[in-house]
Amino acid sequence: MKLLFERSVSGRGMNYLPKADTGNRMPDEKYLRKSRLHLPEISEVDLGRHYTELAKQTHGVNDGFYPLGSCTMKYNPRINEEIASLEGFTQIHPLQPAESVQGAMEVLYKTEELLCRITGMDALTFEPAAGAHGEYTGLLLIRKYHQERGDSERNVIIVPDSAHGTNPASAVMAGFKVVNIPSNENGGVDLEALRNAVGKDTAGLMLTNPNTLGLFDPNILEITKIIHEAGGLCYYDGANLNAIMGRVRPGDMGFDCVHLNLHKTFATPHGGGGPGSGPVGCKEFLRKYLPCHMVEKKGGSYVFSDPEKSLGQVRTYYGNFLVVVKALSYILTLGKEGIREASGKAVLNANYMMHRLKDHYHVAYDQTCMHEFVLCLEDLKKETGVSAMDIAKGSLDYGIHPPTMYFPLIVHEALMFEPTETESREVIDEAVKIYLDLFEKAHDDPEYLHGAPHHCPIGRPDETKAAREPVLKYSFDE
Ligand SMILES: *Cc1c(COP(=O)(O)O)cnc(C)c1O
């Protein structure tokens with residue numbers, strides 16, 4: 001497919017505006033570019049076709065099933081986009097006086113209140129721009145807490161081996177050392193290993209529950225107690241909140257701070273690198289360390305205030321504000337019961353799909369799952385040579401986005417499915433049929449699957465090369 005720059009024809013283009021009748025005012029010579037600005041010259045119809053063609057080459061939630069585990073790729077209702085595009089939200093400036101943006105401040109205030117109720121926290125900042133950024137912010141809170149108490153030798157964050165890769169990475173970025181603990185045979189935290197890992201140097205624990213295997217840890221109260229008794233704090237990675245919202249709360253499980261991924265759980269589309277939001281909530285005793293620009297209500301109006309011992313800003317202004325608008329719109333449309341119903345259906349769909357697949361595929365931890373489950377294709381690979389990658393690539397030919405592959409790392413040949421609550425029984429039944437067909441194909445014609453996908457715009461790009469030598473801009477000849 002040709003790039004816009006390659007479609008460009010000199011002199012062509014769109015010219016709607018009349019010539020200026022005010023005379024040209026040029027800036028000082030020294031501010032002028034020395035070379036031509038490379039803007040593609042293209043007609044409106046060609047431009048439209050270009051983007052339509054691009055859209056046809058990708059796969060999104062609007063194209064079909066998208067069971068990418070750990071990512072909660074659910075359908076995001078259009079109404080939230082409509083609300084977020086209202087002029088009152090889009091035509092304001094972060095430096096406007098607070099009196100002139102009371103409505104926007106009310107959005108921040110109300111969403112904070114609702115997310116605190118959902119998570120069992122007391123205060124929440126919207127500054128962090130994504131989950132990993134929220135982890136980093138939460139860990140800075142934990143570090144500040146220990147420092148303020150003169151407890152600065154606490155420099156270890158404990159992370160289970162099933163954790164998302166961002167957890168240990170954020171801990172290191174925030175200046176901690178990471179100690180990994182193994183999972184037990186049920187996929188939960190090994191309590192014995194946890195007891196052995198805690199000590200005077202324990203700053204805290206990072207955990208997601210349900211974890212990345214889609215399993216709710218039944219020992220959660222014991223786990224957070226062990227950490228607290230050792231003098232550490234508990235951080236909740238809220239990426240999997242879609243499984244529990246409206247039912248159980250991290251705050252009641254013993255967690256001191258959490259991040260949420262509004263772009264996973266609360267109706268902002270993600271996956272294309274668009275704006276996300278990773279708000280961080282905390283218990284009362286950590287409130288004074290939160291980033292600046294908290295919204296408070298004083299005598300009937302909203303004001304910004306900086307917490308007493310704020311760790312400063314982690315991002316400009318108030319975070320990705322329009323994502324917060326979508327989250328509020330989503331929460332209010334669903335209501336208390338709807339939120340609870342959404343998590344219930346997400347869990348039901350995952351269990352239904354897992355049960356329909358498990359006579360053929362090997363389920364890594366065969367127990368009731370939460371919103372996602374993990375298959376282990378090690379046996380299939382031994383028998384047929386067909387790998388998790390082959391099955392994932394094969395599903396592309398049927399219009400299904402691959403599940404998450406080779407994660408979590410503790411399951412070999414892993415495929416991780418998260419159907420989400422927005423898929424109907426018909427869609428899941430159809431997907432199950434496709435995965436069972438692929439299972440059969442693995443036995444009958446493994447070569448075919450090694451070469452899959454056969455009907456996509458591209459086959460198997462070199463992923464390592466794409467990551468190590470990304471080509472992010474067009475190189476002009478001149
Ligand atoms: C997605 C995810 C993260 C990271 O969130 P981003 O918004 O992608 O930075 C962290 N932990 C878990 C379990 C996740 O699924």
Side-chain angles (χ1 to χ4, degrees), residues 58-81 118 130-131 164 208-216 237-248 260-272 274 276-278 323 326-327 329-331 333-335 337-357 363 368-375 392 395-396 398-405 407-408 414-435:
T58 63
H59 183 99
V61 172
N62 281 347
D63 296 296
F65 194 39
Y66 205 135
L68 190 68
S70 203
C71 292
T72 311
M73 300 296 288
K74 58 183 173 185
Y75 172 74
N76 300 298
R78 289 293 172 270
I79 177 92
N80 307 316
E81 299 295 328
I118 291 173
H164 193 268
T208 179
N209 190 33
N211 63 16
T212 61
L213 297 163
L215 304 174
F216 191 91
D237 174 339
N240 295 331
L241 197 83
N242 212 49
I244 59 159
M245 58 180 182
R247 290 168 190 271
V248 278
L260 302 178
N261 303 57
L262 297 189
H263 46 283
K264 290 181 181 173
T265 319
F266 294 99
T268 278
H270 79 125
S277 175
V323 180
K326 290 183 219 179
S329 159
Y330 179 71
I331 295 171
T333 355
L334 263 67
E337 277 312 306
I339 291 278
R340 197 180 143 77
E341 199 181 326
S343 60
K345 289 196 170 144
V347 171
L348 177 64
N349 278 353
N351 277 284
Y352 175 69
M353 187 169 176
M354 179 178 79
H355 277 271
R356 294 239 18 228
L357 288 174
V363 177
T368 303
C369 67
M370 297 297 288
H371 63 311
E372 59 192 2
F373 62 94
V374 181
L375 299 181
S395 70
L396 278 166
Y398 292 87
I400 292 186
H401 190 283
T404 295
M405 305 178 288
F407 179 78
L415 285 183
M416 178 194 220
F417 292 85
E418 180 182 4
T420 82
E421 72 277 17
T422 56
E423 296 304 336
S424 65
R425 168 141 187 207
E426 292 77 17
V427 169
I428 297 179
D429 281 341
E430 181 61 25
V432 164
K433 190 168 153 300
I434 289 165
Y435 285 108

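- Residues passing the side-chain contact (heavy atoms from CB on, under 4.5 Å) test with Met405 are Met389, Ala392, Leu415, sequence neighbours excluded.
- Asn209 is linked by a side chain to side chain donor-acceptor pair (under 3.5 Å) to nothing, counting only residues two or more places apart in sequence or in another chain.
- Atom CD1 of Ile118 is separated from atom CG of Leu241 by 7.5 Å, given to the nearest 0.5 angstrom.
- Here Lys264 pairs with nothing under the salt bridge (Lys or Arg N to Asp or Glu O under 4.0 Å) rule; sequence neighbours left out.
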Phe417 vs Met353, test: side chain to side chain contact (heavy atoms under 4.5 Å, CB included). Steps then yes/no.
CA-CA 9 Å; Phe417 292 85; Met353 187 169 176; 3.6 Å; yes

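- Of all heavy-atom pairs spanning Met370 and Pro210, the tightest one is CG-CB, 3.6 Å.
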Show me the donor-acceptor pairs within less than 3.5 Å that the side chains of residues 63-72 make with the rest of the protein, sequence neighbours left out.
unit_1 : atom_1 : unit_2 : atom_2 : d
Asp63  : OD2    : Gly60  : N      : 2.7
Tyr66  : OH     : His401 : NE2    : 3.3
Thr72  : OG1    : Glu418 : OE2    : 2.7

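- Across every non-hydrogen atom of Gly131 and Asn261, the tightest pair is CA-ND2, 3.5 Å.
- With sequence neighbours excluded, no residue forms a side chain to side chain donor-acceptor pair (under 3.5 Å) with Ser395.
- Val363 has its side chain out of reach of Val374: every pair of non-hydrogen atoms, C-beta onward, lies at least 4.5 Å apart.
- Rounding to the nearest 0.5 angstrom, the gap separating the CD1 atom in Ile244 from the OG atom in Ser343 is 8.0 Å.
- Inter-residue side-chain proximity for Leu215 and Thr368 is flagged as unmet; no heavy-atom pair is nearer than 4.5 Å.
- Partners of Glu421 by salt bridge (Lys or Arg N to Asp or Glu O under 4.0 Å), not counting sequence neighbours, listed by chain and number: Lys74.
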Are Asn76 and Thr422 close enough, and set up right, to give a side chain to side chain contact (heavy atoms under 4.5 Å, CB included), and what steps lead you there?
CA-CA 9 Å; Asn76 300 298; Thr422 56; over 6 Å; no

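- Looking at residues two or more places apart in sequence or on another chain, you find a side-chain contact (heavy atoms from CB on, under 4.5 Å) between Thr268 and His263, Val323, Lys326.
- Of the possible polar contacts, none joining the Arg340 side chain to the Met245 backbone as a donor-acceptor pair under 3.5 Å is found.
- Across all non-hydrogen atoms, the minimal contact from Pro408 to Thr212 is CB-OG1, 3.5 Å.
- Atom OG1 of Thr420 sits about 7.0 Å away from atom CG of Asn349, to the nearest 0.5 Å.
- For the residue pair Asn240/His371, the side-chain donor-acceptor check at 3.5 Å is satisfied.
- Between the side chain of Thr208 and the backbone N or O of Asn211, no donor-acceptor pair lies under 3.5 Å.
- For Phe266, there are no ring pair (Phe, Tyr, Trp, His ring centres under 6.0 Å) partners two or more places apart in sequence or in a different chain.
- Not counting sequence neighbours, the partners of Asp429 by the side-chain contact (heavy atoms from CB on, under 4.5 Å) test are Tyr352, Arg356, Arg425.
- For the residue pair Asn242 and Thr265, no side-chain donor N or O sits within less than 3.5 Å of a side-chain acceptor on the partner.
- Every residue was checked against the salt bridge (Lys or Arg N to Asp or Glu O under 4.0 Å) condition with Glu430, not counting sequence neighbours, and none meets it.
- For Lys433, the salt bridge (Lys or Arg N to Asp or Glu O under 4.0 Å) test picks out no residue, with sequence neighbours left out.
- In plain terms, the two heavy atoms of Val347 and Cys369 that are nearest each other are CG1-O, 3.7 Å.
- One finds the CZ atom of Arg247 at 11.0 Å from the CD1 atom of Ile339 (value rounded to the nearest 0.5 Å).
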Pair Met416-Phe373, side chain to side chain contact (heavy atoms under 4.5 Å, CB included): steps then yes or no
CA-CA 6 Å; Met416 178 194 220; Phe373 62 94; over 6 Å; no

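- By the side-chain contact (heavy atoms from CB on, under 4.5 Å) test, Ile79 is found to be paired with Pro77, Ile83, residues two or more places apart in sequence or in another chain being considered.
- Summarising the geometry, atom CD1 belonging to Ile428 is positioned 11.5 Å from atom OH belonging to Tyr435; distances are rounded to the nearest 0.5 Å.
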